[in-house]
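This report concerns only the one structure given below.
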Amino acid sequence: MPPRVPPSHTAVLCGLRGDIEKEDVEKALKDLKMVPSVLPASGISAIKPDKSDTESSTDRKRHLVFLNCPDPSAAKKFCDQLNNKPCAALGMKKYGNILQAVLKKEISSLDWAGVTKAETRTVEGTISKKRRIDCFLDAPLGVWVSRDVFEGSDSEWIELKVGSVLRVVAENEKYEVGDKADWRDWVAREAVYVRPDPRKQKSS
């Protein structure tokens with residue numbers, strides 16, 4: 001049984017996606033010059049669900065990893081350099097890919113409440129650009145709609161053209177960490193085709 005590592009030697013990296021594996025963490029930390037200069041690869045433990053994330057469904061929960069550093073100064077350096085930093089390789093989009101890093105003894109101080117705020121709007125708009133994999137609505141929101149979020153058949157997607165109307169659920173996320181804030185572009189989450197009313201077409 002390996003010797004117990006003191007809490008002062010252990011950092012916690014939180015905000016990981018659920019599909020992240022130990023090998024992904026090692027690669028990302030190597031890219032960030034944390035391994036092996038601050039943390040040995042052997043110090044990376046297994047990924048675990050964040051028990052404090054009680055609001056998300058199982059497949060959308062935050063995850064975390066305990067990192068056993070050689071000494072307290074290395075653990076503190078790790079936290080100082082990675083806390084509140086974005087990392088697309090490991091982070092979650094809902095938090096702007098922001099990760100939080102704290103000492104194990106300070107894990108209760110983790111706070112995600114102010115990291116992200118998302119505004120959701122449902123709008124109807126006219127397609128102004130159409131491509132094979134996506135289309136663009138320039139009003140009332142400027143938003144690209146990918147084929148992946150379109151709730152219709154392939155034949156319905158092919159039927160869409162400039163002038164067709166879509167009803168879109170779009171989200172604009174804002175992440176805030178300290179004095180840093182950034183609004184993301186509108187992102188379409190769902191889209192349905194609003195077919196023309198034949199009665200209106202006849203009357204016109």
Side-chain angles (χ1 to χ4, degrees), residues 14-21 24 27-28 31 47 49-50 52-64 84-100 110-204:
C14 187
L16 309 181
R17 297 192 309 275
D19 62 343
I20 295 299
E21 302 287 347
D24 301 317
K27 182 180 185 304
D31 292 341
I47 314 300
D50 182 352
S52 68
D53 187 1
T54 58
E55 298 180 357
S56 303
S57 58
T58 302
D59 60 336
R60 295 179 181 272
K61 279 188 179 295
R62 295 187 304 268
H63 284 62
L64 54 78
N84 291 335
K85 296 294 192 299
C87 177
L90 303 176
M92 303 173 70
K93 288 184 179 179
K94 66 184 290 187
Y95 299 117
N97 293 323
I98 293 289
L99 302 178
Q100 293 195 53
L110 288 170
D111 180 13
W112 294 94
V115 175
T116 185
K117 296 177 182 178
E119 179 186 359
T120 302
R121 292 177 61 183
T122 301
V123 299
E124 288 190 8
T126 302
I127 296 175
S128 59
K129 299 176 185 177
K130 171 72 191 307
R131 303 187 299 193
R132 184 175 60 84
I133 59 172
D134 56 20
C135 61
F136 185 73
L137 280 64
D138 55 9
L141 301 176
V143 59
W144 284 99
V145 178
S146 72
R147 171 65 184 91
D148 294 340
V149 302
F150 177 68
E151 297 183 355
S153 64
D154 289 339
S155 60
E156 286 179 310
W157 177 259
I158 293 171
E159 184 182 341
L160 297 178
K161 59 183 181 296
V162 172
S164 297
V165 177
L166 294 180
R167 182 179 298 112
V168 177
V169 177
E171 190 173 84
N172 190 5
E173 291 185 346
K174 182 182 183 182
Y175 71 81
E176 298 181 27
V177 178
D179 59 356
K180 183 178 180 180
D182 180 35
W183 280 106
R184 302 300 193 189
D185 292 334
W186 287 100
V187 177
R189 300 301 186 196
E190 301 173 16
V192 295
Y193 180 24
V194 180
R195 293 184 174 277
D197 187 335
R199 293 172 298 179
K200 292 182 179 180
Q201 289 182 318
K202 288 180 180 179
S203 61
S204 60

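Values reported hereafter were calculated over all heavy atoms of this structure, with side chains retained and with hydrogens, waters and symmetry mates removed. Here the structure is a predicted model, which is why all the values come from computation and not from measurement. Counting begins at 1 with the first residue of the sequence.
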Identify the heavy atoms of [X] and [Y] that sit nearest to each other, and give their distance.
X    : Y    : answer
L110 : C14  : CD1-CB, 4.0 Å
A28  : A89  : CB-CB, 4.4 Å
K61  : H63  : O-ND1, 3.0 Å
L141 : A170 : CD1-CB, 4.1 Å
Y193 : P196 : OH-CD, 3.8 Å
V145 : A191 : CG1-CB, 3.6 Å

For this session: Look only at the side chain of Q100 and the backbone of D111, and say whether a donor-acceptor pair between them is shorter than 3.5 Å.
Result: yes
Can you check whether [X] reaches [Y] side chain to side chain, under 4.5 Å on heavy atoms?
X    : Y    : value
Y95  : R62  : yes
L166 : I127 : yes
K129 : V162 : no
M92  : W112 : no
I47  : L16  : yes
F136 : R131 : no
V187 : V143 : no

Interatomic spacing from [atom1] in [X] to [atom2] in [Y] - rounded to 0.5 Å:
X    : Y    : atom1 : atom2 : answer
K130 : L160 : NZ    : CG    : 5.0 Å
S128 : D138 : OG    : CG    : 3.5 Å
L90  : R17  : CG    : CZ    : 7.0 Å

Exercise. Of all residues at least two apart in sequence or in a different chain, which pass the salt bridge (charged side-chain N to carboxylate O under 4.0 Å, His left out) check with D154?
Worked result: R147
Exercise. Does any donor atom in the side chain of S52 or D50 lie under 3.5 Å from an acceptor atom in the other side chain?
Worked result: yes
For this session: Just do the side chain to side chain contact (heavy atoms under 4.5 Å, CB included) check on C87 and N97 with the steps written out, would you?
Result: CA-CA 5 Å; C87 177; N97 293 323; 5.7 Å; no
For this session: Sorted by first residue and then second, give each side-chain hydrogen bond (donor to acceptor under 3.5 Å, both in side chains) pair with at least one member in residues 157-169; sequence neighbours left out.
Result: E124-R167, E159-R195
For this session: Inspect the contact between D24 and K27 and indicate whether a charged nitrogen and a carboxylate oxygen are less than 4.0 angstrom apart.
Result: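 Salt bridge flag = no for D24 with K27.
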